[in-house]
Amino acid sequence: MKALPTDRAIALVDGNNFYVSCERVFNPKLEGKPLVILSNNDGCIVSRSQEARALGIPMGLPFFEAKHFIKSHQLQWLSSNYALYGDMSDRLMHVLSEFATQQEIYSIDECFLDLSGHQAPLTAYAQEIRQRTLQYLRLPTCVGIGPSKTLAKLANHIAKKNPQFTGVFSWEACHPQDQTDWLKKIAVDEVWGVGRKLSAQLHQLQIHTVYDLQNTNPELIRQRFSVVLARTVHELNGISCLHMNDLKNMPRQQQIISSKSFGQVIEKIELLQEAIASYVCRAAEKLRQQQSTCQLITVFIRTSPFAKNSLPYKPQITIPLSIATADSRRLVQAAYFGLKHIFRSGYRYQKAGIILSELQDQAQHQNDLFSQVNLQQSTQVMQTMDLLNQRYGANTVTLASTGLTAGNARHWRLRANQKSQNFTTRWTEIPYALANRHT
DNA sequence: TCTGGGGTCCTAGGACCC
DNA sequence: TCTGGGGTCCTAGGACCC
């Protein structure tokens with residue numbers, strides 16, 4: 001039994017049931033009730049309150065399989081409201097940023113903080129962090145602290161599952177024998193980077209607990225699996241291999257995806273075209289926001305993987321662009337070209353999407369000598385479009401190809417039957433008392 | 001009837017070249 | 001006509017994450 005090193009300290013802070021908590025901030029009536037938040041299309045359950053978990057509702061469950069709880073246990077449900085969660089996330093990250101010199105935002109509801117060099121005990125400091133987010137934003141959080149990111153994640157898991165720690169667990173504050181006990185108690189599939197497939201294979205090698213994996217030769221793991229899992233073994237031993245990517249040295253995003261399931265299956269290419277065009281427009285807007293251009297666009301369409309009595313078909317095609325671009329019109333053109341190639345009639349399509357990749361910095365843009373495209377004009381048109389949409393709301397101006405059919409008639413539109421208001425991002429929807437103050 | 005969306009990284013294998 | 005190995009680059013697909 002050897003103690004984990006203490007020279008480095010990384011904290012993982014994350015919001016408890018983040019989406020649920022965001023909704024409860026603005027609707028306290030939801031407090032103490034079983035509540036679930038649904039994915040796009042009201043398809044799956046993506047966030048559950050403690051009370052909903054207690055009913056045995058697992059993460060990711062298709063909503064229709066949980067609907068009976070609405071009657072039997074007054075289960076409350078909401079469609080997801082990403083504008084709200086995104087905005088609350090920004091606020092949370094800002095509050096947390098004040099507690100460390102280095103912060104890496106890892107997902108909408110969690111970030112790493114580098115606490116190396118801080119005075120022990122770190123658990124007290126972590127409690128302070130929790131108090132602050134609760135006081136400023138009414139968002140409950142948990143904190144896990146360890147010498148590597150992987151151990152910090154694991155510590156966070158322990159903090160969350162064991163109420164006696166009141167939301168904070170730190171390896172450094174833990175006796176070496178207790179450290180070992182925890183590692184022996186936790187299943188290997190809880191480790192960050194070990195998913196379903198890997199854990200099944202690890203079980204075959206008699207590696208069942210975190211402790212087992214920690215004490216396997218990383219070289220052997222590298223040969224049998226990959227460098228990624230070997231790195232995880234090092235991390236579990238307190239040797240930090242995954243470094244902090246804070247905002248300053250954040251690598252640029254490498255691809256932008258926009259895809260969605262349809263409200264109902266569609267069979268006509270015209271409707272697919274509308275959907276694809278609107279996905280391209282959204283992705284291209286993101287592309288311009290980060291001041292990039294792209295060189296490749298991938299289009300994919302697919303039938304439902306769950307449909308029992310129809311053939312599966314899920315083609316995709318990647319179209320190279322002669323010049324890197326961020327012009328929605330050119331991207332839509334290319335996407336249509338691809339769609340025509342892969343489309344086959346007679347199938348019931350349930351989902352489509354596009355991926356922009358080979359992203360480049362707009363500044364390094366190279367124009368093709370032989371191209372007829374007037375770059376400057378293209379940039380101006382796109383800038384104007386983005387500006388109008390920013391000022392007057394999304395989709396004020398868009399390409400005709402995204403469908404001129406009146407709103408609800410668009411078959412491919414999402415279902416979102418029960419969405420809360422945009423409490424923090426739209427003047428017209430912020431809570432009354434607050435709105436009054438500003439008028 | 002109803003089953004999410006948006007990312008990252010790595011690897012194996014094919015094409016091509018010398 | 002027969003016959004080789006090694007390197008690089010690219011892509012598709014798989015695994016993982018939230």
Side-chain angles (χ1 to χ4, degrees), chain A residues 12 14-19 36-48 58-68 70 77 79-82 85-86 89 104-112 149-150 153 156-157 188-202 222-232 241-242 245 250-265 279 282-283 286-287 290 295-296 298 300 302-309 314-320 348 350-359 414-418:
Chain A
L12 179 81
D14 81 339
N16 304 346
N17 332 320
F18 187 65
Y19 296 171
V36 293
I37 312 296
L38 307 183
S39 66
N40 266 326
N41 241 346
D42 294 342
C44 292
I45 290 166
V46 292
S47 182
R48 306 157 294 157
M59 186 69 168
L61 187 76
F63 181 44
F64 69 86
E65 289 182 28
K67 270 189 174 163
H68 60 277
I70 299 174
W77 64 277
S79 308
S80 41
N81 182 345
Y82 291 107
Y85 312 146
S89 172
E104 175 184 338
I105 297 171
Y106 178 69
S107 75
I108 192 161
D109 73 332
E110 64 191 288
C111 74
F112 292 101
K149 283 182 170 179
T150 306
K153 285 283 262 187
N156 185 281
H157 170 80
V188 72
D189 24 317
E190 298 293 348
V191 173
W192 189 36
V194 177
R196 260 221 310 279
K197 289 271 165 60
L198 277 178
S199 69
Q201 292 175 50
L202 288 169
R222 197 191 61 76
Q223 284 166 16
R224 287 230 97 115
F225 298 90
S226 67
V227 290
V228 185
L229 195 59
R231 236 170 4 218
T232 300
C241 306
L242 305 168
N245 287 318
M250 222 21 197
R252 204 168 1 101
Q253 211 170 314
Q254 294 176 37
Q255 56 178 29
I256 295 173
I257 302 178
S258 179
S259 77
K260 279 189 178 36
S261 302
F262 306 126
Q264 56 190 92
V265 290
Y279 302 157
R282 173 179 333 192
K286 266 199 201 170
L287 187 68
Q290 63 164 46
Q295 188 94 58
L296 291 180
T298 303
F300 63 87
R302 64 185 53 156
T303 54
S304 167
F306 304 103
K308 293 196 180 74
N309 35 18
K314 43 175 204 169
Q316 82 174 48
I317 188 171
T318 299
I319 314 286
R348 295 159 54 78
Q350 174 258 352
K351 178 174 180 172
I354 62 104
I355 304 171
L356 307 181
S357 49
E358 297 257 302
L359 306 194
L414 292 176
R415 275 189 308 271
N417 287 334
Q418 199 151 301

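In what follows, chains are A, B, ... by sequence order, proteins preceding strands, each numbered from 1. Since the structure is predicted, the reported quantities are computational estimates derived from the model, not experimental observations.
Partners of A/V228 according to the side chain to side chain contact (heavy atoms under 4.5 Å, CB included) rule, which considers only residues two or more places apart in sequence or in another chain, are A/S226, A/R231. A/Q316 pairs by the side-chain hydrogen bond (donor to acceptor under 3.5 Å, both in side chains) definition with nothing, not counting sequence neighbours. For the side-chain hydrogen bond (donor to acceptor under 3.5 Å, both in side chains) test, residues two or more places apart in sequence or in another chain that qualify with A/S79 are A/D42. Residues meeting the side chain to side chain contact (heavy atoms under 4.5 Å, CB included) test with A/F64, sequence neighbours left out: A/P62. The side chain to side chain contact (heavy atoms under 4.5 Å, CB included) search around A/R348 returns A/V265, A/E267, not counting sequence neighbours. Annotation: ring pair (Phe, Tyr, Trp, His ring centres under 6.0 Å) contacts of A/F63 (sequence neighbours excluded): A/W77. Taking A/V194 as the reference, A/V191, A/L198, A/S199, A/L202, A/L213, A/L229 meet the side chain to side chain contact (heavy atoms under 4.5 Å, CB included) condition, with sequence neighbours excluded.
If you find the closest nucleotide of DNA chain B to A/F63 and to A/V228, the one lying nearer the 5' end belongs to A/F63. Comparing A/V227 and A/F306, the nucleotide of DNA chain B nearest to each residue sits closer to the 5' end for A/F306.
Of the possible donor and acceptor atoms, none in the side chain of A/D109 sits under 3.5 Å from a partner among the backbone N and O of A/F18.
Closest to the side chain of A/S39, from the set B/dG4, B/dT8, B/dG5, is B/dG4. Residue A/Q254 has its side chain nearest to B/dT8 when only B/dC10, B/dG5, B/dT8 are considered. Among B/dG5, B/dT11, B/dT3, the nucleotide with an atom closest to any side-chain atom of A/N40 is B/dG5.
Of the side-chain N and O atoms in A/K286, one or more sit less than 4.0 angstrom from OP1 or OP2 of B/dG7. Residue A/K351 has a polar side-chain atom (N or O) positioned under 4.0 Å from OP1 or OP2 of B/dG5. Distances shorter than 4.0 Å separate none of the side-chain N or O atoms of A/T318 from OP1 or OP2 on C/dT11. Residue A/R231 places at least one side-chain N or O closer than 4.0 Å to OP1 or OP2 of B/dC10.
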(message) Only Watson-Crick and G-U wobble pairs with both distances less than 3.5 Å should count. Give DNA chain C in dot-bracket notation, marking inter-strand partners with |.
(response) ....||||||||||||||
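Rounded to whole Å, the separation between the C1' atoms of B/dC16 and C/dG4 comes to 15 Å.
Between the CD atom of A/E358 and the C1' atom of C/dC10 there is a distance of 10 Å, rounded to whole Å. Atom CD1 of A/I317 is separated from atom P of C/dA12 by 10 Å (rounded to the nearest Å). Residue A/R222 contributes atom CZ, which lies 20 Å from atom P of B/dC9 at whole-angstrom precision. Rounded to a whole Å, the CG atom of A/L61 is 16 Å from the P atom of B/dC2. The distance from atom OH of A/Y82 to atom P of B/dG5 is 8 Å, rounded to the nearest whole Å. Put simply, CG on A/L229 is 14 Å from C1' on B/dC9, counting in whole angstrom units. Summarising the geometry, the separation between NZ on A/K260 and P on B/dG4 is reported as 12 Å, rounded to the nearest angstrom. At whole-Å resolution of the value, CD1 in A/I105 and P in B/dG7 are 15 Å apart.
Residue contacts shown for A/S258 are limited to sugar-phosphate atoms, with no base heavy atom under 4.0 Å away. Nucleic acid contact class of A/E65 (heavy atoms, under 4.0 Å, all strands): none.
Of all non-hydrogen atoms in A/E110 and A/D14, the two that sit nearest each other are CB-CB, 3.3 Å. Closest heavy-atom contact between A/A283 and A/I354: CB-CD1, 3.7 Å.
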(message) Does the protein touch nucleotides 13-18 of chain C at the base, only the backbone, or not at all? Give it as B, S and - per nucleotide, heavy atoms under 4.0 Å.
(response) --SSSS
